[in-house]
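Please read these numbers as outputs of a predicted model, since none were measured by experiment. In what follows, chains carry the letters A, B, and so on, assigned in the order in which the sequence lines appear, proteins first and then strands, with residues in each chain numbered from 1. Just so you know, these numbers use all the heavy atoms, side chains as well, and skip hydrogens, waters and symmetry mates.
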Amino acid sequence: MSREVRVRFAPSPTGYLHIGGARTALFNYLFATHNKGVFILRIEDTDRSRSTDEFIDAILDGMSWLGLAFDEGPYRQTDRSEVYKKYLNKLIDSGKAYYCYCSAEELEERRKKALTEGGSIKYDGRCRNLTSPPPDRPPTVRFEMPRTGETVINDLIKGSVSFDNETLDDFIIMRSDGTFTYNFVVVADDMDMGITHIIRGDDHLNNTPKQIHMYKALGGESPEFAHLPMIMGSDKSRLSKRHGATSVQAYRDLGYLPESLINYLARLGWSSGDQEVFSKDELIEKFSLQNVGKSAAVFNPEKLLWLNSEYIKDCNSDKLSSLVLPFLKSEGVAPPDYSPDKEWLSKSVSTLRERSKTLIELADSMSYYIKEEIEMDEKAKKKFINEKTVRYLTDVHEGLSGLAEFSEKSLEELFLSIMEKNDVKLGKIAQPVRVALTGNTASPGIFEVIEIIGKERALKRLKKAIESI
RNA sequence: GGUCCCAUCGUCUAGUGGCCCAGGACGUCGGCCUCUCACGCCGAAAACACGGGUUCGACUCCCGUUGGGAUCACCA
């Protein structure tokens, strides 16, 4: 009988939820849900100068948009100092931690010196067994690491990783102002919360031996570790702002669906055979740490865009309508109080769905359906609205005004008769009409467009086009 | 610099010693479909970093080289 799985996502609120953090959260969520375990959110805000409530809200907001619901939390480390004090005393009492009176300046100086001399820049442990009276200043507390032997991590993703204990040093767990540092509070929290699996970025791999020894010193059982490879930008450097949008919110505002981002992030570093498109339920069902790769992955916006277009194509029109509505307003296509007929909107959306890769694209191209007037592209106008085409436009205008009901069928019949009368193919007529009605040379099928625009506006636009020649 | 990690098409990846002169997907390029644009369909180019081993046989195992990344704080 194995223990219940308990995992956590532990971001520090010093920025928005970014792509890398979102993937870590996702993998924790998938692992927990797959194993019917518990997913915990813990806010690591021990660095008070850089943490803000605004960022906490942003992280919560991003996670909820992505649909990554947590079962416990959010816990905040700044609320938990009692827990840390308890664990700290345990370490001091058992002699696993000691007071260090070296000042920050002294430490810095020694580091600099070591660096220029080419040595290693670790703490030399001089305060371990202080005999002379300590200086009159508030001390820090350091954790005592072993100096011989080696520490081996059996990482669920990276495999066996070993560190020579000689290369490790006694690190500070409590600052001189009485606050605690990361490598201590993580362990205290993970123990206290009964975390069974730590799934995090592999930038933490080097911290792991420290934490393993801390678990031992605290008399706790070390959890399993799984270190996820990093996500990089196109130039193979760590993904950052200069690679473009990196926050989850940014992708939402760019008109991506959460499903697309989830799917994309899941496939970045993880795979299941040849499958590319996964619903969330499928991800939960198929996710396994065994299928997580070891190497860093380059973030590829083009593939994300493709996935988004796939999800937009698959989205039903009613849902897509409600998703696009805020973008119609933010893009200035429709007024803030816009509330169109649902059926009509749904129909409009469905004609554009296969032509849009983002909700913004969709909203923008709906302009000629929604607005009263259109702007005509100059080139298109020159090419298709002229003396040669005026007769077709006139015929269509005349035909349309005599048509009682607009349907795909009646419109097709009308165009057929005009084609016969002028002895031309549909393209000759459709293209000028398309430009007159939409202002562009590209649009959905011309019958659909006419039907959606409606008789009144269609006639008006045709007339205007004819008069402009 | 020390320590640690990583290495299959441009990118994400499949591949767990013979099924691989390496498969899928995005992107790119051709073609078909067609009222335009898309969608869809068909096709093409495109990779096992290098060098040594081990083995009857290496993309797969071992060692080294090279290259990339991470980390070395009274940040997390």
In whole Å, what separates the C1' atom of B/A46 from that of B/G52?
-> 29 Å

Hey, does the side chain of A/Lys313 come within less than 4.0 Å of B/G40's phosphate (OP1/OP2), counting only N and O?
-> yes

If you draw the axis of the six-membered ring of A/Phe278, does the NZ or CZ of A/Lys286 fall within 45° of it and under 6.0 Å from the ring centre?
-> no

Please state the P separation for the pair B/A14 and B/A7 - nearest whole angstrom.
-> 11 Å

To the nearest Å, how far apart are A/Leu228 CG and B/U71 C1'?
-> 17 Å

Starting at NZ of A/Lys357 and ending at P of B/C37, how long is that distance when rounded to a whole Å?
-> 15 Å

Decide yes or no for A/Tyr16 and A/Glu54: does some side-chain heavy atom of the first lie under 4.5 Å from some side-chain heavy atom of the second?
-> yes

If B/A70 has a Watson-Crick or G-U wobble mate with both distances under 3.5 Å, name it; if not, just say none.
-> B/U3

What's the verdict on side chain to side chain donor-acceptor pair (under 3.5 Å) for A/Asp235 and A/Ser237, showing C-alpha distance, side-chain angles and the deciding distance?
-> CA-CA 6 Å; A/Asp235 59 355; A/Ser237 70; 2.9 Å; yes

Counting heavy atoms from C-beta on, name the nucleotide in B/A76, B/C35, B/U71 closest to the side chain of A/Arg238.
-> B/U71

Between A/Phe171 and A/Phe143, what is the ring plane arrangement, given parallel below 30°, perpendicular above 60°, and tilted in between?
-> tilted

Where along residues 434-452 of chain A does a heavy atom fall under 4.0 Å from RNA chain B?
-> A/Arg434, A/Thr441, A/Ala442, A/Ser443, A/Pro444, A/Gly445, A/Ile446

Can the ring centroids of A/Phe299 and A/Tyr264 be said to lie less than 6.0 angstrom from one another?
-> yes

A/Asp235 CG - B/G69 P separation (whole Å) | 9 Å

Can a side chain N or O of A/Lys425 be found less than 4.0 Å away from OP1 or OP2 on B/U34?
-> no

Using only side-chain N and O atoms of A/Arg111, determine if any of them is under 4.0 Å from OP1 or OP2 of B/C74.
-> yes

With the side chain of A/Leu426 defined as its heavy atoms from C-beta on, choose the nearest nucleotide among B/A76, B/U71, B/C35.
-> B/C35

Base of B/A76 paired with side chain of A/Asn207 (donor-acceptor, under 3.5 Å) | yes

Of the candidate nucleotides B/G23, B/G69, B/C74, which contains the atom at the shortest distance from the side chain of A/Met232?
-> B/G69

Will you find, in the side chains of A/Tyr251 and A/Asn308, an N or O donor that is under 3.5 Å from an N or O acceptor?
-> no

Nearest-neighbour nucleotide for the A/Thr46 side chain, B/U11, B/C74, B/A76 considered | B/A76

Which part of the nucleic acid, if any, lies within reach of A/His204 when heavy atoms closer than 4.0 Å are counted: base, sugar-phosphate only, or nothing?
-> base

Report the C-alpha separation of A/Val141 and A/Phe184 in whole Å, then their side-chain angles, then the decisive distance to 0.1 Å, and conclude whether the side chain to side chain contact (heavy atoms under 4.5 Å, CB included) test is met.
-> CA-CA 11 Å; A/Val141 175; A/Phe184 170 62; over 6 Å; no

Whole-Å distance between B/C72 C1' and A/Asn183 CG?
-> 12 Å

Within the side chain of A/Lys122, is there an N or O that forms a donor-acceptor pair under 3.5 Å with the backbone of A/Glu166?
-> yes

Taking the nucleotide of RNA chain B with the closest heavy atom to each, which residue, A/Tyr101 or A/Leu304, is nearer the 5' end?
-> A/Leu304

Check each of A/Arg142, A/Arg128, A/Arg147 against A/Asp170 using the side-chain hydrogen bond (donor to acceptor under 3.5 Å, both in side chains) test, and report the only one that passes.
-> A/Arg128

Just how far, in rounded Å, is C1' of B/U71 from CG of A/Asp203?
-> 8 Å

If we take the C1' atom in both B/G67 and B/C29, what is their distance in whole Å?
-> 30 Å

For B/G43, give its Watson-Crick or G-U wobble partner with both distances under 3.5 Å, or none.
-> B/C29

Whichever of A/Ser237 and A/Ser103 has the more 5' nearest nucleotide on RNA chain B, that residue is A/Ser237

Rounded to whole Å, the CG-C1' distance (A/Asp124 to B/C72) equals 16 Å

Looking only at non-hydrogen atoms, find the nearest pair between A/Gln77 and A/Val186 and report the distance.
-> NE2-N, 4.4 Å

To the nearest Å, how far apart are A/Glu302 CD and B/C29 C1'?
-> 15 Å

Between B/A49 and B/U60, how far apart are the P atoms? Round to whole Å, please.
-> 8 Å

Are OP1 or OP2 of B/A14 and a side-chain N or O of A/Ser271 less than 4.0 angstrom apart?
-> yes

Taking a pair to mean Watson-Crick or G-U wobble geometry with both distances below 3.5 Å, B/C21 pairs with none

Could you tell me whether A/Phe31 and A/His197 have their ring centroids closer than 6.0 angstrom?
-> yes

Return the nucleotide paired to B/C61: Watson-Crick means purine N1 to pyrimidine N3 with N6-O4 or O6-N4, wobble means G-U with N1-O2 and O6-N3, both under 3.5 Å.
-> B/G53

Taking the side chain as C-beta and beyond, is there a heavy-atom pair between A/Ser367 and A/Ile374 under 4.5 Å?
-> no

Integer angstrom distance from the C1' of B/U16 to that of B/U8 | 14 Å

Per A/Ala104 side chain, nearest of listed nucleotides B/C26, B/A76, B/C74 = B/C74

Using both distances under 3.5 Å as the test, list the Watson-Crick or G-U wobble partner of B/C35, or none.
-> none

Side chain A/Glu276 and base B/G24 donor-acceptor under 3.5 Å = yes

To the nearest angstrom, how far is A/Glu106 atom CD from B/A73 atom P?
-> 16 Å

Write down the distance separating the C1' atoms in B/U28 and B/A47, rounded off to the nearest Å.
-> 16 Å

With C1' as the reference atom in both, quote the distance from B/G68 to B/C50 in angstrom, rounded to an integer.
-> 15 Å

Nearest-angstrom distance, P atom, B/A70 to B/G31 = 43 Å

Between the side-chain atoms of A/Ser176 and the base atoms of B/C74, is any donor-acceptor pair under 3.5 Å?
-> yes

At a cut-off of 3.5 Å, list every protein nitrogen or oxygen paired with a nitrogen or oxygen from nucleotides 4-6 of chain B, distance to 0.1 Å.
from : atom 1 : to       : atom 2 : distance (Å)
B/C5 : O2'    : A/Lys158 : NZ     : 2.8

Consider only side-chain N and O atoms of A/Ser317 and A/Arg353, and report whether a donor and an acceptor are under 3.5 Å apart.
-> yes

